[in-house]
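Computed from heavy atoms alone, side chains included, the values below leave out hydrogens, waters and symmetry copies. Bear in mind that the values here come from a model prediction, so they are computed numbers and not experimental data. Numbers restart at 1 for each chain; the letters A, B, ... are given by sequence-line order, proteins then strands.
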Amino acid sequence: MRIINKHFNIKQIADSGQCFRMNPVTEKRYGLTAFGRYIELEQVEEDIVEIYCGEDDYRRIWKDYFDLDYDYGLIVDRLCGGSDEFLKAAAAYGSGIRILRQDPFETLISFIISQNKNIPAIKACIERICRAYGEQKKDDASGKVYYTFPSCERLAGARLEDLRAMKLGYRDEYVIAASRAVAAGDIDLDKLKAGSHEEAIKELKKIKGIGSKVANCISLFGLHHIDAFPVDVWVKRVLSEYYRDGFDAGIYGGYAGIVQQYMFYYIRHIHGRQT
DNA sequence: GTCCAGGAACTCA
DNA sequence: TGAGTTCATGGA
């Protein structure tokens, strides 16, 4: 499927820290494992992405996954036409970023693991978990062997001693507890997705190992509450370097999470961070 | 070898 | 509420 969209850049999305299983195959081609499938995408032109899937899969899965019904140009234009110089530059630089609609459980576990780790380390941990607990599959189109992200039931049944080999550090017990809570129905992610961002944060923070930042990431990237505003070390850096007088995310009511992604992506670029 | 990472729990004031 | 400490592990 060929997608023509001025705000769809797969490299920017892959490097925006929201997903951990989208990696380069060649310079312009990326492989992505999500929802039990593997696909490849290619940035053909600045505003053209080729998604290597059939029209049926595109309509059922990937159109929604890449949030292609939403007009990111509206927000980029608004920021670029505004008076906030940092956001002007940030939005222009990351204008191809989109907020993916990822699987809630995968996002929950991924961001529990993410705490106090850099992105390559997070990716390595998740890959180990998928190899050990996920399902091995083979993509017919590319011939690529891949591993799906494990279900909550599968991870809920994991033994702590075994999970320890995944090198999650002290986060391993958080992962098991959270998986068991989801499997048991103590946490209803679908319900949190249907509800408000505030409600989701309140419920997510009840889980040990989930604080404000991780809860906001899960809300934004897993439940698609785009009014979430995760503050990690990089966003803190932005706020202290460029907003000495304070920053009110509330003025971007409704889409603060998208603004936050432009900030995150841009400040990392300024500091020369590739991964 | 040192510092840091999409932090959170815990302690103590 | 707020500041300081501790927690595993690996990337840079």
Side-chain angles (χ1 to χ4, degrees), chain A residues 11-24 90 93-94 97-100 102-104 106-129 131-132 158 160-179 181 187 197 200-242 246-247 249 256-275:
Chain A
K11 177 174 169 54
Q12 289 182 10
I13 292 170
D15 291 341
S16 71
Q18 58 176 307
C19 60
F20 303 107
R21 307 200 71 199
M22 183 170 175
N23 295 301
Y93 182 70
I97 294 174
R98 313 180 71 81
I99 308 293
L100 303 177
Q102 303 183 72
D103 176 72
E106 176 172 340
T107 309
L108 172 80
I109 299 301
S110 297
F111 279 94
I112 286 177
I113 292 170
S114 78
Q115 66 170 266
N116 211 26
K117 276 184 175 300
N118 58 30
I119 292 173
I122 298 165
K123 286 184 175 182
C125 284
I126 292 173
E127 210 50 44
R128 278 192 290 269
I129 289 179
R131 281 176 183 271
L160 184 59
E161 309 89 277
D162 298 333
L163 202 62
R164 199 126 280 179
M166 305 296 106
K167 303 291 184 186
L168 307 185
Y170 59 88
R171 308 159 192 80
D172 48 16
E173 51 191 70
Y174 300 158
V175 166
I176 288 193
S179 299
I187 307 162
H197 163 64
I201 294 297
K202 198 178 110 192
E203 290 302 310
L204 288 169
K205 284 176 75 171
K206 290 179 182 172
I207 303 171
K208 192 172 175 184
I210 299 185
S212 183
K213 187 269 171 183
V214 168
N216 272 272
C217 283
I218 297 166
S219 185
L220 178 57
F221 304 131
L223 307 176
H224 206 78
H225 293 313
I226 58 171
D227 48 338
F229 192 81
V231 179
D232 74 322
V233 293
W234 292 101
V235 175
K236 271 183 190 148
R237 208 161 277 160
V238 171
L239 300 185
S240 66
E241 285 179 19
Y242 297 90
F247 177 81
I258 298 174
V259 172
Q260 182 273 162
Q261 276 306 91
Y262 297 140
M263 279 184 170
F264 177 82
Y265 185 69
Y266 186 51
I267 191 68
R268 282 167 57 85
H269 162 68
I270 289 175
H271 286 262
R273 204 54 65 110
Q274 305 293 330
T275 56

[atom1]-based separation of [M] from [N] [nearest Å]:
| N | M | atom1 | result |
| --- | --- | --- | --- |
| B:dC3 | C:dT5 | P | 15 Å |
| B:dG1 | C:dT9 | C1' | 16 Å |
| C:dT6 | B:dC4 | C1' | 16 Å |
| C:dA12 | B:dG7 | P | 15 Å |

Within this structure, what is the [atom1]-to-[atom2] distance between [X] and [N], rounded to whole angstrom?
| X | N | atom1 | atom2 | answer |
| --- | --- | --- | --- | --- |
| A:Ile267 | B:dA5 | CD1 | C1' | 15 Å |
| A:Leu204 | B:dA8 | CG | P | 12 Å |
| A:Ile97 | B:dG6 | CD1 | P | 15 Å |
| A:Ile210 | B:dG6 | CD1 | C1' | 14 Å |
| A:Phe111 | B:dA8 | CZ | P | 12 Å |
| A:Ile112 | B:dA9 | CD1 | C1' | 14 Å |
| A:Lys206 | B:dA9 | NZ | P | 14 Å |
| A:Ile119 | B:dC4 | CD1 | P | 17 Å |

What I'd like to find out is whether the side chain of A:Asn116 reaches to under 4.5 Å of the side chain of A:Tyr170, using heavy atoms alone. yes
Test of understanding: with salt bridge (charged side-chain N to carboxylate O under 4.0 Å, His left out), list the residues that count as partners of A:Arg21, not counting sequence neighbours.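 Testing A:Arg21 for salt bridge (charged side-chain N to carboxylate O under 4.0 Å, His left out), a comparison that skips the adjacent residues, returns A:Glu127.
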A:Lys11: partners by salt bridge (charged side-chain N to carboxylate O under 4.0 Å, His left out), with sequence neighbours left out: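 Here the qualifying residues are A:Asp15.
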5'-most contact on DNA chain C (nearest-nucleotide basis), A:Tyr170 vs A:Pro120, goes to A:Tyr170
Along DNA chain C (nearest heavy atom to each residue), the more 5'-positioned of A:Arg171 and A:Asn118: A:Arg171
Mind checking [X] for me? I need base, sugar-phosphate or nothing, with any heavy atom below 4.0 Å counting as a touch.
| X | result |
| --- | --- |
| A:Glu173 | nothing |
| A:Lys167 | sugar-phosphate |
| A:Gly209 | sugar-phosphate |
| A:Ser16 | base |

Footprint ends on DNA chain C, 5' to 3', for atoms under 4.0 angstrom from a heavy atom of chain A, come out as C:dC7 to C:dA12
Cationic N near anionic O, under 4.0 Å, A:Glu203 to A:Lys206: yes
With a 4.0 Å limit, can you tell me whether A:Arg237 has a side-chain N or O closer than that to the phosphate oxygens OP1/OP2 of B:dA5?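 It does, given that an N or O in the side chain of A:Arg237 lies less than 4.0 Å from OP1 or OP2 of B:dA5.
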Can you check whether A:Lys205 has a side-chain N or O nearer than 4.0 Å to OP1 or OP2 of B:dG7? no
In terms of the nearest nucleotide of DNA chain B, which residue is placed more toward the 5' end: A:Ile207 or A:Gln18? A:Gln18
Map A:Lys117 and A:Gly211 onto DNA chain B by nearest heavy atom, then report which one ends up closer to the 5' terminus. A:Lys117
Distance, nearest 0.5 Å, that separates [atom1] of [X] from [atom2] of [Y]:
| X | Y | atom1 | atom2 | result |
| --- | --- | --- | --- | --- |
| A:Lys123 | A:Ile113 | NZ | CD1 | 14.0 Å |
| A:Leu100 | A:Gln261 | CG | CD | 9.0 Å |
| A:Leu204 | A:Ile210 | CG | CD1 | 5.0 Å |
| A:Lys117 | A:Lys167 | NZ | NZ | 10.5 Å |

Sequence neighbours left out, what pairs pass side-chain hydrogen bond (donor to acceptor under 3.5 Å, both in side chains) with at least one residue falling in residues 227-240 of chain A?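 Found none.
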Can you name the residues that form a side-chain contact (heavy atoms from CB on, under 4.5 Å) with A:Pro24, not counting sequence neighbours? A:Tyr30
A:Phe247 ring center near A:Phe229 ring center (under 6.0 Å):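 Yes, close enough.
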Taking only the side-chain heavy atoms of A:Tyr174 (C-beta and beyond), determine which of B:dA9, B:dG7, B:dA5 contains the nearest atom. B:dA9
Nearest-nucleotide pick for A:Val235, side chain only, options being B:dA9, B:dG6, B:dG7: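 Minimum distance to the A:Val235 side chain belongs to B:dG6.
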Answer yes or no as to whether B:dG6 has its base stacked against A:Phe264, where stacking requires a ring-centre separation under 5.5 angstrom and planes under 30 degrees apart. yes
Contact residues, residues 218-228 of chain A to DNA chain B [heavy atom, < 4.0 Å]: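 Hits under 4.0 Å, by residue number: A:Phe221.
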